[in-house]
Amino acid sequence: MSLDINQIALHQLVKRDEQTLDLVLRDTLLPTNAAVEEMMAELHRVYSAKSKAYGLFNEQSELADSLRACRKGENDFLSFTRAATGRLRDELAKYPFADGGIVLFCHYRYLAVEYLLISVLNSCNSMRVNEQLDISTTHYLDINHADIVARIDLTEWETNPESTRYLTFLKGRVGRKVSDFFMDFLAAAEGLDTKAQNRGLLQAVDDYCSEAQLDKNERQSYRQQVYSYCNEQLQSGEEIELQALAQELPPIGDKDFRQFSSEQGYQLEESFPADRGTLRQLTKFSGSGGGISLNFDALLLGERIFWDPATDTLTIKGTPPNLRDQLQRRLSSSDK
């Protein structure tokens, strides 16, 4: 992995009681060694694989102002991180779920792009066996479950200040989201709506097929082609590009897919991140609620699965063998 660490700093938030979060600030940057490089490579990998929301700084963002000054050399990176950790503590202390953690700031370069990653990592306990086969307690950073993370694409931010996607962050817990206080700390607002872009793509695909008057099998074949391209992009960590997608699809009439989507006003970006859950709707129907979970291939609708919208009833012909076996056993036991 071509990840080059420029500067990295660690600080700590310590929860003393229900109302107090103390700061423990390093006086020096963290030296870059093999262990630090391995940790950042893992954090970068885990973060890149997660579904993220996009945002941009507000005009009044104190963090953005401090970061600009740091980038211009008006203050150093360590001072920037120490002040930012203080602001983070002040924001986090407003919330009842506030916990301590290790606050990490890392300025690094990956594939010719500069990033600043900010995260609050939890420490966990585990057991280890030493060379004498004795068991002892060890502490480790829970990187795989990190949910308080934001990353600023410094290259995008500085070269394209009108962008709505240079800042990414993770959506946090259900209810009062962890991400809420983090967005307050960053003084940022949500930008590009990835799910809306993907939903718009699905609508454009359906409308494109309708205009061409494709039959059911042709429509599903088209959807499968779209899904295959988008899923490949998702797996490789690349974005969906309308021009490339249009080249993958056979044109219908005198317009290709990109021309159609542009003329019909779907407001799709030329490129945007894939959203796995939304794209799955190209080939699957799924839903859950009221104790029922359903998931079936779209091709089965109208063949083995029938929906009556008037009565909101699904009829399934031919149940899966393992489900049928469970039903038969239950019926047999209830007859006794």
Side-chain angles (χ1 to χ4, degrees), residues 1-3 44-56 108-115 117 150-171 189-212 214 218-284 298:
M1 177 180 288
S2 178
L3 188 153
H44 173 87
R45 183 193 65 79
V46 168
Y47 182 73
S48 297
K50 291 188 176 184
S51 178
K52 294 174 283 294
Y54 290 77
L56 66 162
Y108 68 98
R109 179 182 293 271
Y110 179 73
L111 299 179
V113 177
E114 283 191 85
Y115 294 105
L117 185 141
R151 187 172 67 186
I152 302 157
D153 182 332
L154 298 171
T155 303
E156 175 82 1
W157 181 45
E158 292 174 344
T159 60
N160 183 18
E162 300 302 315
S163 171
T164 60
R165 54 194 297 182
Y166 54 76
L167 189 155
T168 61
F169 61 98
L170 297 181
K171 293 275 191 176
E190 290 200 39
L192 179 72
D193 189 333
T194 302
K195 287 186 179 294
Q197 288 287 305
N198 282 259
R199 288 194 298 266
L201 174 64
L202 266 58
Q203 187 62 56
V205 170
D206 283 345
D207 293 347
Y208 192 48
C209 292
S210 294
E211 183 168 295
L214 302 183
E218 290 172 329
R219 286 184 183 217
Q220 195 52 43
S221 175
Y222 223 85
R223 292 191 187 102
Q224 183 61 56
Q225 287 179 282
V226 173
Y227 178 78
S228 296
Y229 166 79
C230 294
N231 192 51
E232 286 178 5
Q233 297 299 100
L234 181 65
Q235 296 300 323
S236 63
E238 301 293 334
E239 296 192 351
I240 298 169
E241 297 186 7
L242 287 186
Q243 183 63 46
L245 175 58
Q247 292 173 353
E248 293 278 330
L249 301 173
I252 299 176
D254 58 352
K255 297 178 184 176
D256 67 15
F257 180 74
R258 181 172 175 274
Q259 292 172 313
F260 174 83
S261 60
S262 176
E263 292 176 4
Q264 295 301 313
Y266 295 100
Q267 296 183 330
L268 297 177
E269 300 280 332
E270 284 299 316
S271 67
F272 51 89
D275 180 71
R276 181 179 286 105
T278 304
L279 291 173
R280 197 176 293 124
Q281 298 173 31
L282 286 164
T283 60
K284 299 275 188 182

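In this text, all values refer to a predicted model and were calculated from it rather than measured experimentally. Positions are given from 1, in the same order as the sequence printed here.
- Rounded to the nearest 0.5 Å, atoms OH (Y222) and CG (L214) are 7.5 Å apart.
- The nearest pair of heavy atoms linking A244 to Y229 is CB-OH, 3.5 Å.
- Under the 4.5 Å side-chain criterion, counting only non-hydrogen atoms from C-beta, L56 is not in contact with L167.
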> Can you check side chain to side chain contact (heavy atoms under 4.5 Å, CB included) on Y115 and I152, steps first, answer last?
Replying inline: CA-CA 6 Å; Y115 294 105; I152 302 157; over 6 Å; no
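- Every side-chain contact (heavy atoms from CB on, under 4.5 Å) that A189 has, sequence neighbours left out, goes to N58.
- When all heavy atoms of A298 and Q220 are compared, the pair lying nearest together is CB-OE1, 3.6 Å.
- The two residues D256 and Y208 come nearest to each other via the heavy atoms C-OH, 3.4 Å.
- Contact annotation: the side chain of T155 never approaches that of R109 to less than 4.5 Å [non-hydrogen atoms, C-beta and beyond].
- Side-chain contact between Y166 and E158 is absent, with no heavy atoms from C-beta onward closer than 4.5 Å.
- With sequence neighbours left out, the side-chain contact (heavy atoms from CB on, under 4.5 Å) criterion links Q264 to F260, Y266.
- Summarising the geometry of R151 relative to S48, their closest heavy-atom pair is NH1-OG, 3.6 Å, with the distance given to 0.1 Å.
- Partner of P273 under the side-chain contact (heavy atoms from CB on, under 4.5 Å) criterion, out of N198, T194, I240, L234: T194 alone.
- Considering only heavy atoms from C-beta on, Q247 stays 4.5 Å or farther from R258 through its side chain.
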>> Please evaluate residues F257 and V205 with respect to the criterion side chain to side chain contact (heavy atoms under 4.5 Å, CB included), reporting the C-alpha separation (whole Å), side-chain torsions for both, the decisive distance (0.1 Å), and the verdict.
In response: CA-CA 8 Å; F257 180 74; V205 170; 3.9 Å; yes
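- In this structure, a donor-acceptor pair under 3.5 Å is present between the side chains of Y108 and H44.
- Taking each heavy atom of E239 and Q233 in turn, the nearest pair found is O-NE2, 2.7 Å.
- Among L201, N231, V226, the single residue meeting the side-chain contact (heavy atoms from CB on, under 4.5 Å) criterion with L279 is L201.
- Residues C230 and E248 have side chains not in contact (no heavy-atom distance under 4.5 Å, counting atoms from C-beta outward).
- Contact between T164 and Y54 at its shortest, heavy atoms only, is O-CB, 4.1 Å.
- The one candidate from Q224, Q225, E218, R219 that meets the side-chain contact (heavy atoms from CB on, under 4.5 Å) condition with S221 is Q225.
- Q235 places no side-chain N or O within donor-acceptor distance of the main-chain N or O of E232, the cut-off being under 3.5 Å.
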